[in-house]
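Comments concern the structure below.
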Amino acid sequence: MVDHRSVSNSPAPMLSVDEHRATVAALLPSTPVERRPLAECLGLALAEDLPAAIPLPPFHNSAMDGYAVRVEDLAGAGADSPVALPVAEDVPAGRVDNPPLRPGTAHRIMTGAQMPPGADGVVPVELTDGGVEQVHIQREPSPGANVRRAGDDVARGTVVLTHGTTLGASQIGVAAAVGAAELAVHRPPRVLVLSTGSELVAPGVPLQPGQIYESNGAMLAAAVRQAGAEARLLRFVPDDVAEFQAELEPHLADTDLVLTSGGVSAGAYEVVKDAFEGQGVEFRKVAVQPGMPQGAGSYRNVAVVTLPGNPVSSMVSFEVFVRSALRACGGHRVRERVRVRATTTEAADSPEGKRQFRRGRFAPDSGSVSWAGGAGSHLLAAMATADCLVDLPAATTRVEPGDSVTALLLD
Ligand SMILES: Nc1nc2c(c(=O)[nH]1)N[C@H]1C(S)=C(S)[C@@H](COP(=O)(O)OP(=O)(O)OC[C@H]3O[C@@H](n4cnc5c(N)ncnc54)[C@H](O)[C@@H]3O)O[C@H]1N2
Ligand code: MOO
């Protein structure tokens, strides 16, 4: 039975950001490797080195629509002295026989078509009269002109993608180009997202006084997906341990991480704390702002991270404590946000002894950063205008305009 009259007050010293990051990271071993069709690999991490089974391009081919020629046949050709050659063959891209070019003739050739044996240059159609039976050519090409040579891009056997690469559009493109129909990837981590709070109402329903719309669930599920993991957003629950457990328990199987929001601070109705405390999840304060009250551990052998309910605290905590661990779990080599040095345009205060992550807007041209709203952890609309988090060390209590700071670029 939870006693709603008592208010907990943890005497333990605050953890540093790095200590809590390490705790969360240790909860999430990397996911198993599986083979997936290429079309289902976007955003996942490659779990093998991928060597090119073929060279790229696979064969010498034309870079232009025009005429494949022997350069020596066009000695002296110019706008005022065109050279006429009979057109012996038409070679569209995809023609699989490869008719050789006899001396003194041309093949009409299209971009991407195989270079005929014997040809050593291509004249673009614009430098000819475009003839079909016979062509007048107004330029003497240099040897190799407009020819893309086999292996120009990649020699056979070269590793085109390395283990741990995040598969974006061009990585999927090169995998297809070397003929890979499927890839070995890390299964994306599966994350359950569960928000708590008796004041919460689903967007779309009229609000009563004292109620707010539930926003952390949608936000955290989106953040999980942007990190390359799978999110299952559960129905949010009121501050009731039985309802919390009833919602969570059926979904625990096949889950790598349970991510909750709310119910972890020092109040009388801390549902997440009440459900997990003493069950393998430890609740501690971290010397950070926002995001001080945190919890992490394992519940029924499933990793659990409990984020504070204030929306900005929830989002920043995800960024600072969860995102890189989730990316490591999913096998990604690149886990951290890009960090840049920037010059502040405005002053700001930061609490002594706490690392502060201020929301900011980075101007790449000037290398400056301005604040996106104040430090309050309820200022979600301001956060929605931010594109970076400014990482102020625990020892910093004030920054002045013109100070140099570190910013983590968000996507
Ligand atoms: N006496 C103390 N009070 C508080 C402390 C403390 O140390 N001592 N810490 C403060 C800090 S810092 C934070 S952060 C919050 C964290 O509180 P909880 O994690 O228990 O979160 P709740 O109390 O449930 O909610 C806080 C705030 O956020 C709103 N919220 C919660 N969930 C959602 C959601 N899914 N969507 C939108 N908004 C949500 C909620 O209505 C509250 O306004 O505790 C401080 N208090
Ligand atoms: O730690 Mo809380 O997140 O400052 O509002």
Side-chain angles (χ1 to χ4, degrees), residues 2 4-17 20 192-205 207-224 231 233-241 243-244 247 259-277 281 283-296 304-322 349-359 373-384 389 392 394:
V2 175
H4 290 308
R5 288 162 303 172
S6 70
V7 173
S8 76
N9 199 358
S10 166
M14 283 199 234
L15 299 173
S16 71
V17 165
H20 192 60
L192 288 184
V193 177
L194 176 53
S195 294
T196 64
S198 296
E199 71 280 32
L200 304 178
V201 170
V205 174
L207 290 178
Q208 304 287 331
Q211 296 182 325
I212 59 166
Y213 288 122
E214 201 280 304
S215 58
N216 290 351
M219 177 176 70
L220 291 170
V224 164
L233 179 55
L234 301 184
R235 192 178 52 84
F236 59 90
V237 293
D239 296 318
D240 180 290
V241 171
E243 284 202 48
F244 178 83
E247 182 61 24
L259 197 59
T260 64
S261 85
V264 297
S265 56
Y269 303 91
E270 304 295 9
V271 60
V272 173
K273 220 177 200 179
D274 292 342
F276 285 146
E277 198 149 47
V281 180
F283 293 88
R284 294 291 295 273
K285 288 185 175 181
V286 179
V288 65
Q289 196 216 22
M292 182 178 68
Q294 297 287 335
V304 171
V305 174
T306 69
L307 305 178
N310 278 319
V312 173
S313 312
S314 239
M315 192 63 234
V316 171
S317 304
F318 178 86
E319 274 295 327
V320 174
F321 299 119
V322 183
D349 292 315
S350 183
E352 190 172 2
K354 281 189 182 175
R355 199 157 148 187
Q356 191 188 45
F357 290 89
R358 281 242 172 189
R359 282 68 65 203
S377 54
H378 59 299
L379 303 174
L380 181 58
M383 174 146 190
L389 290 180
L392 300 177

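All residue numbers refer to positions in the sequence shown, counting from 1. Each ligand, and each atom within it, is numbered from 1 in the order the structure gives.
With values rounded to the nearest 0.5 angstrom, Met315 atom CE is found 6.5 Å from Leu220 atom CG. Atom CG of Leu234 sits about 10.5 Å away from atom CG of Leu259, to the nearest 0.5 Å.
The residue from Met292, His378, Glu214 that puts a heavy atom closest to atom 6 (C) of ligand 1 is Met292.
For Pro293, no nitrogen or oxygen atom sits less than 3.5 Å from a nitrogen or oxygen atom of ligand 1, counting backbone and side chain alike.
By the salt bridge (charged side-chain N to carboxylate O under 4.0 Å, His left out) test, Glu214 is found to be paired with no residue, residues two or more places apart in sequence or in another chain being considered. Residues that satisfy the salt bridge (charged side-chain N to carboxylate O under 4.0 Å, His left out) test with Glu243, not counting sequence neighbours, are absent from this structure. The side chain to side chain contact (heavy atoms under 4.5 Å, CB included) check on Ser350 picks up Gln356, Leu392, with sequence neighbours excluded.
Using a non-hydrogen distance threshold of 4.0 Å, Ser377 does not register as a contact of ligand 1. Under the 4.0 angstrom criterion for non-hydrogen atoms, Gly267 is not in contact with ligand 1. Taking a 4.0 Å cut-off on heavy atoms, Pro290 fails to register as neighbouring ligand 1. The closest approach between any non-hydrogen atom of Thr196 and ligand 1 is below 4.0 Å.
Ligand 1 places these atoms under 4.0 Å from at least one heavy atom of Lys285: 7 (O). Residue-ligand proximity, Glu270 to ligand 1, at heavy-atom distances under 4.0 Å covers atoms 20 (O). If you number the atoms of ligand 1 from 1 as listed, the ones under 4.0 Å from a heavy atom of Val264 come out as 18 (P), 19 (O), 20 (O). Proximity to Ser215 (heavy-atom distance under 4.0 Å) selects the following atoms of ligand 1: 36 (N), 37 (C). Those atoms of ligand 1 with a heavy atom of Ile212 less than 4.0 angstrom away are 37 (C), 38 (N), 39 (C), 41 (O). The Gly263 neighbourhood of ligand 1 comprises atoms 18 (P), 19 (O), 20 (O), 21 (O), 22 (P), 24 (O), with distances under 4.0 Å to a heavy atom of that residue.
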Taking a 3.5 Å cut-off between nitrogen or oxygen atoms, can you list every pair linking ligand 2 to the protein, with distances?
| from | atom 1 | to | atom 2 | distance (Å) |
| --- | --- | --- | --- | --- |
| ligand 2 | 1 (O) | Gly291 | N | 2.8 |
| ligand 2 | 1 (O) | Met292 | N | 2.5 |
| ligand 2 | 3 (O) | Gly291 | N | 2.5 |
| ligand 2 | 3 (O) | Ser313 | OG | 2.4 |
| ligand 2 | 5 (O) | Asn310 | ND2 | 3.2 |
| ligand 2 | 5 (O) | Ser313 | OG | 3.3 |
| ligand 2 | 5 (O) | Ser377 | OG | 2.4 |

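What you find for Asp239 and Gly197 is that their closest heavy atoms are OD1-CA, 3.4 Å. In plain terms, the two heavy atoms of Val288 and Phe321 that are nearest each other are CG1-CZ, 4.1 Å.
The backbone N or O of Gly374 sits less than 3.5 Å from a side-chain atom of Arg359, completing a donor-acceptor pair. In this structure, Ser377 contributes its side chain and Pro311 its backbone to no donor-acceptor pair below 3.5 Å. Using modelled atom types, one side-chain atom of Lys273 and one backbone atom of Ser265 make a donor-acceptor pair closer than 3.5 Å.
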